[in-house]
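No experiment lies behind these values; they were computed from the predicted model shown. Order of appearance sets the numbers: ligands from 1, and atoms from 1 within every ligand.
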Amino acid sequence: MLLSSTLCALLAVGKAWGQSSTVDAYVASQSPLAKAGLLANIGPSGSKSMGAKSGIVVASPSSVNPDYLYTWTRDSAVVFQVLVDQFTLGIDTSTRGEIDNYVASQVIIQQVSNPSGTITTGGLGEPKFNIDETAFTGAWGRPQRDGPALRSTALITWANFLISESNTSYVTNTLWPLIQNDLNYVAQNWNQSTFDLWEEVDSSSFFTTAIQHRSLRQGVQLANALGQTSVVSSWSTQAGNLLCFLQSYWNTAGYITANTGGGRSGKDANTVLASIHTFDAAAGCDALTFQPCSDVALSNLLTYVNAFRSIYSINSGLANNVAAATGRYPEDSYMGGNPWYLTTLAVSEQLYDSLIIWNQQKFLNVTSLSLPFFQLFDASVTVGTYTSTSTTFTTLTSGVKTFADGFVATVAEHTPSSGSLSEQYSKSDGSQLSAADLTWSYAATLTSFDARAGVIPASWGAKGLTSSCSISTGGGGGGSSSGTVSVTFNVDATTVFGENIYICGSVDALQNWDPDTALILSAANYPIWSTTVNLPANTQVQYKYIRKFGSSLTWESDPNDVINTPSGGSFIENDTWR
Ligand SMILES: *[C@@H]1O[C@H](CO)[C@@H](O)[C@H](O)[C@H]1NC(C)=O
Ligand SMILES: *[C@@H]1O[C@H](CO)[C@@H](O)[C@H](O)[C@H]1NC(C)=O
Ligand SMILES: *[C@@H]1O[C@H](CO)[C@@H](O)[C@H](O)[C@H]1NC(C)=O
Ligand SMILES: *[C@@H]1O[C@H](CO)[C@@H](O)[C@H](O)[C@H]1NC(C)=O
């Protein structure tokens, strides 16, 4: 096992060379194409915006199968967040006219009565509008309560810049009313159910909660700066409640459950997108706000990425420390259930954001929770703090950089020479699928590239927050154990007659990694193999399944599986043989 890890590491180093120059070249050629693709979808001057009104972003010019020729509040805000960030950071100051048009369009859109209500009765939660700024009245998954939060965040970023330019009157007269409408909506409605960002599950949703929290924190800062103090107490209180609620999405199996409803595994790009859309470099690797380099967010990233390794054939044969194509969530069946550009790019961006912080703070922490993630890059790494002068820091950060570049290289491999990016690419042959020229695909390209270049977006106030609801992840040590938990392991494994599945792992109850005494699983529900074991509570347990046939024995591929056991009761772990 050691030998093969060492070989993998050597191969990864060899690959890094080729890959980082491939990615450098892709970034250089794709950056202007992505920017042009994004601007082409903004009306009325955009070449593909098909008659959209001024400042209106079309989700995609595709009008059939699927018809995305609408303007979504979420997608538009994500797009303008990129333009505002690039403008205010001096990366591209050519888009002021577009930003002004967006503001003017949202003054109109906010007032449009629609099936979710009027501006005062819930209409701000309406997910999409016609591109002539009239209401879309067909059936839809509504409301979607992330829209007002994302829009206010983009507008506040713009407002802060204008204040720094002494243009406070425009902020007070034009931006503040829009922001106040959105944030009053967030403060009043965050605790109501919502459709998730994929417009499918009606429950509570991590992405929505995370960006709602961010928006209110940022709103409080702006309100104070403008002397609009009447909203401060309500927004601050609700921000605290949101931060508390945010913790409840943590799953003791080591990842963030994306939605409280939906009946799925909960492994979802929703959570990775939330981490990058709430990145605040001032907060370092803060776990309370799920910062990109926090142990909770890294453990989540690993779980999310691994969920796609066995279900997309374009990922077959890739080792676990090599990037893979990722999609929205493993159970996805929309348009056949394929990888998306924006989700694959989101993984790279979370990793680039992490590298920014580790290089800035000049150390990184490996906790028991993030250990399996870091072991991808150094099989022998242990829990601890590594300063930038250590070889471990160098090994880990260069491994993460190669891994991150691999996600961009995956996108590059499936980008045509025109640079056009649709919504999805095929899980079997990588060809483009679903809506052509998805505006968000271009936005995701630009933000990933900026993060790779070390660009740090403005802070929003994540630093130094506290909450009595903070989760216990067993980070740092190995967790204290008191009592046991009954854990049922289910693994989906196809076998031949005479072959059996076993489990062993890092604790006594799992035979301390001894394959000879590993526990046999029952095939009563074949192809699900199953066993129930009492494990220590509040403990991180690593394990693997083994296949035995006669005298031959096959381990699952690396890395080790991991669960963090809950404090009591019982727990069902569902795995697929690797
Ligand atoms: C303030 O910003 C707005 C929006 O870009 C612009 O229209 C206006 O001319 C600016 N005012 C001043 C005084 O710079
Ligand atoms: C409302 O907040 C409470 C307390 O945090 C939480 O238990 C509940 O799930 C929330 N409901 C929704 C729909 O957000
Ligand atoms: C890093 O880990 C050490 C213990 O190893 C802990 O004392 C310290 O607070 C951690 N720092 C951060 C920023 O998480
Ligand atoms: C495993 O699946 C069962 C339903 O078959 C579910 O109750 C359980 O919550 C799942 N476990 C995890 C960790 O998602």
With a 6.0 Å cut-off on ring centres, are W158 and F87 close enough? yes
In this structure, atom 10 (C) of ligand 2 is nearest to the protein heavy atom N191 ND2, 2.5 Å
Does a side chain donor of either D450 or Q86 reach within less than 3.5 Å of an acceptor in the other side chain? yes
For atom 1 (C) of ligand 1, what's the nearest protein heavy-atom neighbour? Residue, atom name and distance, please. N167 ND2, 1.4 Å
For W158, is at least one N or O under 3.5 Å away from an N or O on ligand 1? no
When rounded to the nearest 0.5 Å, the distance separating OG1 of T157 from CD1 of I99 is 10.5 Å
If you apply the rule side chain to side chain contact (heavy atoms under 4.5 Å, CB included), what do you find for L301 with V347, and how did you get there? CA-CA 7 Å; L301 179 145; V347 177; 3.8 Å; yes
Nearest protein heavy atom to atom 4 (C) of ligand 4, by residue and atom, and its distance? N574 ND2, 4.8 Å
Test your reading of the structure: does S204 have an N or O sitting under 3.5 Å from an N or O of ligand 2? yes
Classify the ring geometry between F290 and F206 as parallel (under 30°), tilted (30 to 60°) or perpendicular (over 60°). perpendicular
How about F489 and Y543: are their ring centroids closer than 6.0 Å? yes
Is atom 6 (C) of ligand 2 less than 4.0 angstrom from some protein heavy atom? yes
Would N259 and S205 count as having a side-chain donor-acceptor pair, cut-off 3.5 Å? yes
Counting only nitrogen or oxygen atoms and a 3.5 angstrom limit, does Q192 reach ligand 2? no
Determine whether the side chain, the backbone, both or neither of E165 has a heavy atom under 4.0 Å from any heavy atom of ligand 1. neither
Between D100 and ligand 1, is there a nitrogen or oxygen pair with a distance under 3.5 Å? yes
Among all protein heavy atoms, pick the one closest to atom 9 (O) of ligand 2 and tell me residue, atom and distance. F245 CE1, 3.5 Å
May I ask you to check whether H213 and W460 place their ring centres under 6.0 Å from each other? yes
What is the closest protein heavy atom to atom 11 (N) of ligand 4, and at what distance does it sit? I572 O, 2.7 Å
